[in-house]
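Data block below; observations after.
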Amino acid sequence: MTLLHEFLKEADEGYIVIDRSKKVSYANRFVMYLEILRESWQEKPYYEVIKNLGIISLISATFGEKKSLNEEISIGDREFSARTFYTDEGVILRLSDVTSIKNYEKSKKEFVANVSHELKTPIAALKVILETLYEEDLPKHIKDMLGRALARVEEMNQLVNDLLIIAKLESGEEVLNIEKVNLKWLVDSIYEKFREASENEQVDLINEVSEDAILHSDPEKLSILLKNLVDNAIKYNKKGGKVGIRFYRKDKWNIIEVWDTGIGIPKQDLPFVFDRFYRVDKSRSKDIPGTGLGLSIVKHIALSHGGRVEVESQERKGSTFRVFLPGIEDIK
């Protein structure tokens, strides 16, 4: 037994080594405990002795692509992060038990969803009361206070709505209602909702989408996605700035780009902008209203369609958010 094998023997992760001839040359005790290998596995092809089809597919893909890969694998009632490492000598598979992490994430999401749902009723009641009082003939200073209170309640209401949207998307239970969507018309309707805000900020809205840009997507979800991107593009822009939306197809992807001439995003913040509650440079955004959930919602809506989202940005020059959505034949 090599020094490496001796080290891996008692590890609290599973390790399987497959040599260049695609035979299993080593498996540690953790793997044997999981019972994913047949009893007589030594020096036999991995696809004959490994019982889990997900692991077999991952190893096969690693040999085929000649690069390390990562995937989540279910074994019984437990969840594992399966990571392969490709070398000239073969492939090493590492299995890390992430069941407790997954259970924690699930309970946290359920807690957020339940709390958000329970908050909707009292917030709605409070809003009605404040609106009723605001309509009364009251002194100006009291009306001003009621106005500020209403604004805060609306922010709370938006936060709760955003949390509920994310909770539904993350649960995987949200059903997409796929329809034909004329993107140019949708962008026009969204711009109309932001007309006043853009005029107040002196930002021009540009629709570069052609009349024949037809997508197959959930129109309500796509509208929410674009509203969040346009809202950010206006809020983080400059006086006399521009916001534009363009569309094109590349390979199997329908690509929507939302660009702006705003303040941009620092390079170090780019990997985190789609995380929940992440706000770039709190000092510069503290006076700009928002829940910090908009871009996370954008990401999850794209993922729910089988797509993805990415961003390019330069400080003081602007940002481009690129949404990749599959064609109808690729939508699951």
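Just so you know, these numbers use all the heavy atoms, side chains as well, and skip hydrogens, waters and symmetry mates. What you see is a predicted model, and the numbers here were worked out from it, not measured in a lab.
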Start with the C-alpha distance between R78 and L34, add both sets of side-chain angles, then the distance that settles side chain to side chain contact (heavy atoms under 4.5 Å, CB included), and finish with yes or no.
CA-CA 10 Å; R78 296 162 70 180; L34 294 176; 3.9 Å; yes
The test is salt bridge (Lys or Arg N to Asp or Glu O under 4.0 Å); show your working for D260 and K242 and say whether it passes.
CA-CA 6 Å; D260 64 67; K242 293 179 172 60; over 6 Å; no
Side chain to side chain contact (heavy atoms under 4.5 Å, CB included), that's the test. Do K127 and M156 meet it? Break it down for me.
CA-CA 10 Å; K127 184 179 179 181; M156 291 172 59; over 6 Å; no
Kindly determine whether V24 and Q42 satisfy side chain to side chain contact (heavy atoms under 4.5 Å, CB included), including the steps that lead there.
CA-CA 6 Å; V24 177; Q42 291 87 348; over 6 Å; no
Begin from the C-alpha positions of K102 and E72 and carry the test salt bridge (Lys or Arg N to Asp or Glu O under 4.0 Å) through to its verdict.
CA-CA 11 Å; K102 290 292 182 182; E72 290 186 357; 2.7 Å; yes
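Legend: residues meeting ring pair (Phe, Tyr, Trp, His ring centres under 6.0 Å) with F272, ordered by chain and number and at least two apart, are Y278. Every residue was checked against the side chain to side chain donor-acceptor pair (under 3.5 Å) condition with K299, not counting sequence neighbours, and none meets it.
Looking at D218, its side chain never comes within 3.5 Å of a backbone N or O of I178 through a donor-acceptor pair. Between the side chain of N161 and the main chain of N157, a donor-acceptor pair closer than 3.5 Å is present. No donor-acceptor pair closer than 3.5 Å links the side chain of H300 to the backbone N or O of K168. Between the side chain of N28 and the backbone N or O of E13, at least one donor-acceptor pair lies under 3.5 Å. Side-chain atoms of S57 come within 3.5 Å of backbone N or O of L53 as a donor-acceptor pair. Under the 3.5 Å distance criterion, the side-chain polar atoms of N52 are matched with a main-chain donor or acceptor of S74. Checking side-chain atoms of N237 against main-chain N and O of A233 turns up a donor-acceptor pair under 3.5 Å. Counting only distance, with no hydrogens or angles, the side chain of S319 and the backbone of S313 share no donor-acceptor pair below 3.5 Å. Counting only distance, with no hydrogens or angles, the side chain of S304 and the backbone of L169 share no donor-acceptor pair below 3.5 Å.
Side-chain atoms of E79 and T99 include no donor-acceptor pair closer than 3.5 Å. Side chains of Y248 and E257: a donor on one and an acceptor on the other come within 3.5 Å. Between the side chains of E312 and W259, not a single donor N or O lies within less than 3.5 Å of an accepting N or O. Between the side chains of S198 and D204, no donor-acceptor pair is found at a separation under 3.5 Å. Checking E35 against Y33 by side-chain atom types alone, no donor-acceptor pair falls below 3.5 Å. Between the side chains of Q158 and D162, at least one donor N or O lies within less than 3.5 Å of an accepting N or O.
Proximity of L225 to I297: side-chain heavy atoms (C-beta onward) are nowhere separated by under 4.5 Å. For the pair F247 and I255, the minimum side-chain heavy-atom distance is 4.5 Å or more. No side-chain heavy atom of K317 sits under 4.5 Å from any side-chain heavy atom of T261. Residues L130 and Y134 fail the side-chain proximity criterion, which asks for heavy atoms closer than 4.5 Å. Residues Y191 and V230 have side chains in contact (heavy-atom distance under 4.5 Å, counting atoms from C-beta outward). The shortest side-chain heavy-atom distance between N103 and S100 does not fall under the 4.5 Å cut-off. In this structure, the side chains of I59 and I50 come closer than 4.5 Å at one or more pairs of heavy atoms. Between L229 and L295, the closest side-chain pair of non-hydrogen atoms falls below 4.5 Å.
Remark: R308 is positioned above the aromatic ring of W253, its terminal NZ or CZ atom under 6.0 angstrom from the ring centre and at most 45 degrees off the axis. Cation-pi geometry between R83 and F85 is met: the NZ or CZ atom falls under 6.0 Å from the ring centre, inside 45° of the normal. At least one test fails for K22 against the ring of Y47: distance under 6.0 Å to the centre or angle within 45° of the axis.
I245 and I214 sit in two unconnected hydrophobic clusters of ILVMFWY residues. Membership requires side-chain heavy atoms under 4.5 Å apart, directly or through other members. Put simply, F80 and V98 are part of two different groups of oily side chains (I, L, V, M, F, W, Y) that touch within less than 4.5 Å, one to the next. At a threshold of 4.5 Å between side-chain heavy atoms, the hydrophobic network of Ile, Leu, Val, Met, Phe, Trp and Tyr places L138 and M145 in one connected group. A chain of hydrophobic side-chain contacts below 4.5 Å, direct or via other Ile, Leu, Val, Met, Phe, Trp or Tyr residues, connects V153 to I129. Residues V311 and V298 are members of one and the same hydrophobic cluster, defined by side-chain heavy-atom contacts under 4.5 angstrom among Ile, Leu, Val, Met, Phe, Trp and Tyr.
Between A82 and N70 the shortest heavy-atom distance is O-OD1, 2.9 Å. Closest of all the heavy-atom pairs between R94 and Y15 is CD-OH, 3.3 Å. In terms of heavy atoms, N182 sits closest to E211 at ND2-O, 3.2 Å. Considering all non-hydrogen atoms of both residues, H216 and K180 come closest at NE2-CG, 3.4 Å. Contact record, I234 with V203: O-CG2, 4.4 Å, taken as the closest heavy-atom pair.
Considering CG of D231 and CD1 of I190, their distance stands at 11.5 Å, rounded to 0.5 Å. In this structure, the separation between CZ on F30 and CD1 on I16 is 11.0 Å, given to the nearest 0.5 Å. With rounding to the nearest 0.5 angstrom, the OG atom of S21 is 14.0 Å from the NZ atom of K44. The CG atom of L222 sits 6.5 Å away from the CG atom of L183 when rounded to the nearest 0.5 Å. A distance of 11.0 Å separates CG in L176 from CD in E179, rounded to the nearest 0.5 Å. Within the model, atoms CG of L163 and NZ of K120 stand 10.5 Å from one another, a figure rounded to the nearest 0.5 Å.
Ring geometry for F63 against Y46 counts as parallel: the plane angle stays under 30°, on a 0 to 90° scale with 60° as the upper cut.
Counted within 6.0 Å of CD on E154, heavy atoms from surrounding residues, nucleotides or ligands total more than 12; the atom is thus considered enclosed. For Q268, the CD atom sits in a packed shell: over 12 heavy atoms of surrounding residues, nucleotides or ligands are nearer than 6.0 Å. Under a cut-off of 6.0 angstrom, the local environment of CZ in R316 is sparse, with at most 12 non-hydrogen atoms contributed by other residues, nucleotides or ligands. Counting non-hydrogen atoms of other residues, nucleotides and ligands closer than 6.0 Å to NZ of K193 gives a total of 12 or fewer. K239 NZ: more than 12 foreign heavy atoms inside a 6.0 Å radius.
Remark: K267 does not engage E315 in a salt bridge, criterion side-chain N to carboxylate O under 4.0 Å.
Shown are K140, R148, H141; of these, the side chain to side chain donor-acceptor pair (under 3.5 Å) with D144 is made only by K140. Of the candidates E48, K23, M32, M32 is the only one forming a side-chain contact (heavy atoms from CB on, under 4.5 Å) with W41.
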